[in-house]
Protein chains: 2
Amino acid sequence: MSGTSPTGDELVSLLAALASPHRLRILAAVARQRTYVSELARQLQMNRPLLYMHLQKLEAAGLVTGELVTAPDGSSVKYVQAVPFTVALDLDAIALAAQNLTGSGPGAEQEK
Amino acid sequence: MSGTSPTGDELVSLLAALASPHRLRILAAVARQRTYVSELARQLQMNRPLLYMHLQKLEAAGLVTGELVTAPDGSSVKYVQAVPFTVALDLDAIALAAQNLTGSGPGAEQEK
DNA sequence: GCCCCCTGTCAGGCAAGTCTGACAGGGGAG
DNA sequence: CTCCCCTGTCAGACTTGCCTGACAGGGGGC
């Protein structure tokens with residue numbers, strides 16, 4: 001994904017995924033070190049269900065990947081890892097992205 | 001603002017302001033041409049009150065500036081203009097921003 | 001057996017964002 | 001006076017997101 005100019009919808013999803021203090025902190029923690037969910041919850045002092053939700057959003061946006069690892073002793077642990085990316089954000093990028101939003105053509109369609 | 005690495009909170013606000021198809025379209029339209037509110041509403045085919053709200057958010061985020069111009073004949077028109085900016089978005093920037101979110105220090109505070 | 005740690009999902013409550021129609025008012029043109 | 005265009009703001013409905021406690025289940029160690 002790095003470097004590719006995303007479509008408008010992708011951009012919106014990406015920004016929405018990042019526009020949250022919790023998710024920013026999660027991403028930062030995960031970028032620094034590969035951890036598993038419960039440990040991450042303890043580290044960031046947040047409820048696991050909440051962390052799960054945020055992780056799902058980050059994963060849906062393609063910003064992190066989860067990997068369920070089953071240790072030789074049978075116990076399972078889910079490791080989370082950050083996915084590198086780069087987006088240059090400025091007026092030009094936005095003007096470009098706004099052109100290909102689903103249903104945005106000048107005379108495209110006015111369905112609501 | 002261009003080039004300066006924003007604080008965590010500022011980043012979140014900026015991303016939140018941009019994470020909306022409507023606001024993206026507004027910004028794109030305004031970046032291309034300085035227009036006034038009602039004209040913009042017609043151009044984008046959206047209700048004015050709605051446009052007003054989005055403009056307020058964009059203005060609060062410092063992405064656009066409004067200027068109420070009173071023509072010599074007395075009629076007032078509010079012109080909206082885009083504010084140039086640039087933000088490089090990647091894992092490093094996020095890790096950096098996550099460090100200075102209000103209430104995020106490693107052993108800062110655990111008020112809930 | 002009991003206790004501990006892990007993963008995952010659920011319903012429910014609360015807060016915030018989104019969108020709409022309607023209103024009040026200023027001013028010009030016919 | 002009537003019609004039109006403009007700027008603002010409001011309450012209300014609706015949708016979405018956020019967060020919590022509680023649950024079901026797998027597996028290990030004592």
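All values derive from a computational prediction rather than experimental measurement. In what follows, chains are A, B, ... by sequence order, proteins preceding strands, each numbered from 1.
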Taking transitive links into account, so neighbours of neighbours count too, which hydrophobic residues share a cluster with B:V69 at under 4.5 Å side-chain distance?
B:Y36, B:V77, B:Y79

If each of A:G74 and A:S20 is mapped to the nucleotide of DNA chain D with the nearest heavy atom, which maps nearer the 5' terminus, i.e. the 5' end?
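That would be A:S20.
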
Which of residues 49-59 of chain A sit near DNA chain D, with a heavy atom under 4.0 Å from it?
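Within residues 49-59 of chain A, the residues near DNA chain D are A:P49, A:L50, A:M53, A:H54, A:K57.
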
Say you draw a straight line from [atom1] of [X] to [atom2] of [Y]; how long is it, rounded to the nearest 0.5 Å?
{"X": "B:H54", "Y": "B:R25", "atom1": "NE2", "atom2": "CZ", "result": "10.0 Å"}
{"X": "A:R48", "Y": "A:M53", "atom1": "CZ", "atom2": "CE", "result": "14.0 Å"}
{"X": "A:L89", "Y": "B:L89", "atom1": "CG", "atom2": "CG", "result": "6.5 Å"}
{"X": "A:L96", "Y": "A:D90", "atom1": "CG", "atom2": "CG", "result": "10.0 Å"}

Please give, in whole Å, the distance from [N] [atom2] to [X] [atom1]?
{"X": "B:H22", "N": "D:dT15", "atom1": "NE2", "atom2": "C1'", "answer": "14 Å"}
{"X": "A:E67", "N": "C:dC6", "atom1": "CD", "atom2": "P", "answer": "18 Å"}
{"X": "A:M46", "N": "D:dT20", "atom1": "CE", "atom2": "C1'", "answer": "14 Å"}
{"X": "B:L40", "N": "D:dC5", "atom1": "CG", "atom2": "C1'", "answer": "16 Å"}
{"X": "A:D73", "N": "D:dG26", "atom1": "CG", "atom2": "C1'", "answer": "12 Å"}
{"X": "B:R48", "N": "D:dC5", "atom1": "CZ", "atom2": "C1'", "answer": "9 Å"}
{"X": "B:N47", "N": "C:dG21", "atom1": "CG", "atom2": "P", "answer": "6 Å"}

Nearest to the A:R23 side chain among D:dT7, D:dC5, D:dC18, which nucleotide is it?
D:dC18

From C-beta outward on A:R42, which listed nucleotide comes closest to its side chain: C:dC5, D:dT7, C:dG8?
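Per side-chain heavy atoms of A:R42, the pick is C:dC5.
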
So, does [X] get its side chain near the phosphate of [N], meaning an N or O under 4.0 Å from OP1 or OP2?
{"X": "B:S38", "N": "D:dT7", "result": "yes"}
{"X": "A:Y36", "N": "C:dT7", "result": "no"}
{"X": "A:K78", "N": "C:dG8", "result": "yes"}

Please output the side-chain donor-acceptor pairs of residues 55-65 of chain B that fall under 3.5 Å, not counting sequence neighbours, one pair per line with the distance.
unit_1	atom_1	unit_2	atom_2	d
B:E59	OE2	B:G66	N	3.4

Whether B:E67 and B:R34 form a salt bridge (side-chain N of Lys/Arg under 4.0 Å from carboxylate O of Asp/Glu) is what I want to check.
yes

